[in-house]
Amino acid sequence: MDGANDELNVKIPPVPIVVSECHQGEADGANTVMMLAASGLTGNGNEPGKQRNGVGFTNTKPNATLTRPCQQCGREMVVRRPSKRFCGAACRRVAWLVCNPDKAAVLAANDKARLRVHLEGRGVVWIEQAA
């Protein structure tokens with residue numbers, strides 16, 4: 001082995017215990033540890049549904065969630081940050097399409113052309129329908 005690996009493979013010496021080595025003369029009956037009785041865990045009154053001093057336990061964390069209607073569909077949604085305006089990606093996309101009609105027309109034309117190529121590739125006859 002090389003010198004770098006020798007340092008990593010050295011055994012770590014055991015750490016002396018204070019009572020057994022440093023203060024050997026003081027290690028009498030007062031320094032012994034008594035084992036606790038085997039009596040299951042006791043509750044401190046904070047379990048959900050329990051009462052403490054006649055009052056039900058409640059969560060003390062601040063509730064930072066609000067409900068607000070979606071700006072697109074009007075459905076109530078839970079808001080965790082104040083900048084949230086839409087309930088999901090579909091409503092956000094519809095709102096963007098409404099605000100950008102020229103870009104929406106380009107996207108619709110691209111989607112239609114892609115669908116036509118896909119269907120014709122599967123043997124389905126494309127029939128143009130008047131809008």
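H118 NE2 to D111 CG: the interatomic distance, rounded to the nearest 0.5 Å, is 13.0 Å. Of the inter-residue distances, the one linking R75 atom CZ with T67 atom OG1 reads 13.0 Å to the nearest 0.5 angstrom. Rounded to the nearest 0.5 angstrom, C87 SG and Q72 CD are separated by 9.0 Å. Atom CD1 of residue I127 and atom CZ of residue R116 lie 11.0 Å apart, to the nearest 0.5 angstrom.
Note on L115: it does not cluster hydrophobically with V117, by side-chain heavy-atom contacts below 4.5 Å among ILVMFWY residues.
Looking at R68, its side chain does come within 3.5 Å of a backbone N or O of P82 through a donor-acceptor pair.
C70 approaches M77 most closely through the heavy-atom pair CA-CE, 4.1 Å.
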